[in-house]
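Step one of this worksheet: look at the structure below.
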Amino acid sequence: MSGTNSVRTVSEHRASERSGENERSGRVETCPECGGTVTTDDGRGERVCEQCGVVVESDAIDHGPEWRAFTPSEKDERSRVGSPTTKLLHDEGLSTSIGWADKDASGRTLSSSQREKMSRLRVWDERFRATDSRDRNLKQALGEIDRMASALGLPENVRETASVIYRRALDEDLLPGRSIEGMATASLYAAARQAGTPRSLDEFEPISRVRRQKYARAYRYLARQLELGIAPADPAEYLPRFVSELELSDDLERQARELLSAVKETGGHSGKNPTGLAAGAIYAAGLLTGDRITQQEVAETADVSEVTIRDRYSELLEALEGDQIDARSERGGN
DNA sequence: ATGGTTTTTACTGCGTC
DNA sequence: GACGCGGTAAAAACCAT
């Protein structure tokens, strides 16, 4: 299972995401309650009826390790995540409990040395249980991160970063009171930005299991508590993606970059939506290079309104002109 | 909660192909 | 006449306080 799972390519993931199917395990069942189709929810490890929502079987899948490990150090890191090979554990991952009454199986009280032994065992039992729930938490979160990263076409290293961020959040006890999904989404969002391949908050909306507000808040909290120190997204970082989605030339991308750096000098970019700026730059660059792009096309791929593009692109052109005038006056005279 | 800023929505008229 | 574009007013969203 783990093999086929991790080997799946990004495009396959995307294809299945798009067509709305999520039965990665390939098993098809009918619901005993209503006869509807039962699908597998990999993130939670539950098999759920599509119609009535009955959980047919929990923890039925996903026993394998979540990720491939490429280097020995990664293997170390990942082995800490959980105990996926449940068959190898005495309890198959179920929690244990040791009774508190100091009696043996037939009800006799234990000797003092036995009592001491049992109390030591209880302590360890508790400790294991604690790390166990941590692991479960981590495992679910990382499953979510993996799923979302695939859907958004984010590369492996971003997932790594996201998992590191999540782990830190877990270590610093930032999770209580917050949903795992929200935090997982926030971690991935932060990781994507850190890696210089940002995705806008809006792009997570259809992917995440929680609402935008929740993970946006989680992200702010995360950024503050962990002191991630992530600078505001640079609009230029959105350019390559938008340009390629619109199938535009490298030349145009270069032009757009220039426009953005011009407006950055004037400071006219602060407080503006970075995707809006990128979109405006692309449109303006289209005018300059003579490529025929409509505002509507750009608006659609960048997910901003046409009005915003209009506002941005006129500002960008102004900034560029100002830049050129500056350059001229520097050469002498006005 | 509030107020200021930015973005979106919806609608308009204009010019061009 | 459809289309791309620009402008505007009002609503919504966002953010800091």
Side-chain angles (χ1 to χ4, degrees), chain A residues 148 152 165 169 174 177-179 181-183 185-194 198-239 241-243 245-249 251-253 255-256 259-322:
Chain A
M148 291 187 287
L152 291 171
I165 292 173
L174 301 181
R178 262 156 265 267
S179 75
E181 282 93 349
M183 271 296 175
T185 312
S187 302
L188 186 60
Y189 173 72
R193 284 183 57 172
Q194 270 189 338
R199 297 291 182 271
S200 69
L201 281 168
D202 293 317
E203 290 180 84
F204 284 91
E205 179 86 82
I207 302 296
S208 177
R209 293 192 202 274
V210 297
R211 286 184 202 284
R212 192 199 143 105
Q213 275 196 329
K214 279 193 119 181
Y215 59 73
R217 241 182 61 202
Y219 167 71
R220 254 176 299 164
Y221 182 68
L222 214 57
R224 182 166 309 169
Q225 297 300 316
L226 260 39
E227 289 170 357
L228 295 176
I230 298 176
D234 183 350
E237 288 172 345
Y238 287 101
L239 286 179
R241 191 155 53 96
F242 293 161
V243 165
E245 255 176 71
L246 289 161
E247 294 174 335
L248 298 167
S249 64
D251 207 41
L252 187 144
E253 189 180 329
Q255 183 68 251
L259 285 159
L260 287 176
S261 66
V263 81
K264 249 183 259 175
E265 276 177 38
T266 70
H269 65 297
S270 64
K272 304 285 163 61
N273 179 358
T275 56
L277 274 162
I282 288 173
Y283 180 74
L287 292 181
L288 295 176
T289 60
D291 288 88
R292 293 167 45 100
I293 345 162
T294 66
Q295 295 177 351
Q296 195 213 327
E297 288 173 314
V298 185
E300 223 164 276
T301 57
D303 202 22
V304 296
S305 76
E306 294 167 52
V307 180
T308 304
I309 292 188
R310 288 200 272 278
D311 291 345
R312 286 308 87 79
Y313 103 81
S314 52
E315 289 166 12
L316 284 159
L317 289 180
E318 256 173 54
L320 188 69
E321 259 171 50

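Letters A, B, ... are given to chains in the order of the sequence lines, protein chains preceding strands, and every chain is numbered from 1.
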Problem set entry | Short side-chain donor-acceptor distance under 3.5 Å, Asp202(A) and Ser200(A) | no

Exercise. Side chain of Thr301(A), backbone of Val298(A): donor and acceptor closer than 3.5 Å?
Worked result: yes

In a table with atom names and distances, give each donor-acceptor pair under 3.5 Å that connects a side chain of residues 217-233 of chain A to protein atoms at least two apart or in another chain.
none

Exercise. With no hydrogens and no angle check, is any side-chain donor or acceptor of Tyr283(A) less than 3.5 Å from a backbone partner on Ala299(A)?
Worked result: no

Exercise. Short question: side chain of Asp291(A), backbone of Ile293(A) - any donor-acceptor pair under 3.5 Å?
Worked result: no

Give me, pair by pair, the N or O atoms of the protein and of nucleotides 1-5 of chain C that are less than 3.5 Å apart, along with how far apart they are.
from, atom 1, to, atom 2, distance (Å)
dC5(C), OP1, Tyr283(A), OH, 2.9
dC5(C), OP2, Gln295(A), N, 2.9

Exercise. To the nearest Å, how far apart are Leu277(A) CG and dT5(B) C1'?
Worked result: 15 Å

Seminar exercise, completed: When every non-hydrogen atom of Val210(A) is compared with those of Ser179(A), the smallest separation belongs to CG1-OG, 3.9 Å

Problem set entry | Separation of dT16(B) P from Arg292(A) CZ (nearest whole Å) | 14 Å

Distances under 3.5 Å between protein N/O atoms and the N/O atoms of nucleotides 13-17 of chain C, please, pair by pair.
from, atom 1, to, atom 2, distance (Å)
dC14(C), OP1, Arg212(A), NE, 3.0
dC14(C), OP1, Arg212(A), NH2, 3.2

Exercise. Gly271(A) near the nucleic acid: base, sugar-phosphate alone, or nothing, with a heavy-atom cut-off under 4.0 Å?
Worked result: sugar-phosphate

Exercise. Taking CZ from Arg312(A) and C1' from dG6(C), how many angstroms apart are they, rounded to a whole number?
Worked result: 15 Å

Exercise. Would one find a side-chain N or O of Ser314(A) under 4.0 angstrom from OP1 or OP2 of dG6(C)?
Worked result: no

For this session: Please step through side chain to side chain contact (heavy atoms under 4.5 Å, CB included) for the pair Phe242(A) and Leu248(A), ending with a clear verdict.
Result: CA-CA 9 Å; Phe242(A) 293 161; Leu248(A) 298 167; over 6 Å; no

Problem set entry | Whether over 12 other heavy atoms sit under 6.0 Å from Arg212(A) CZ | yes

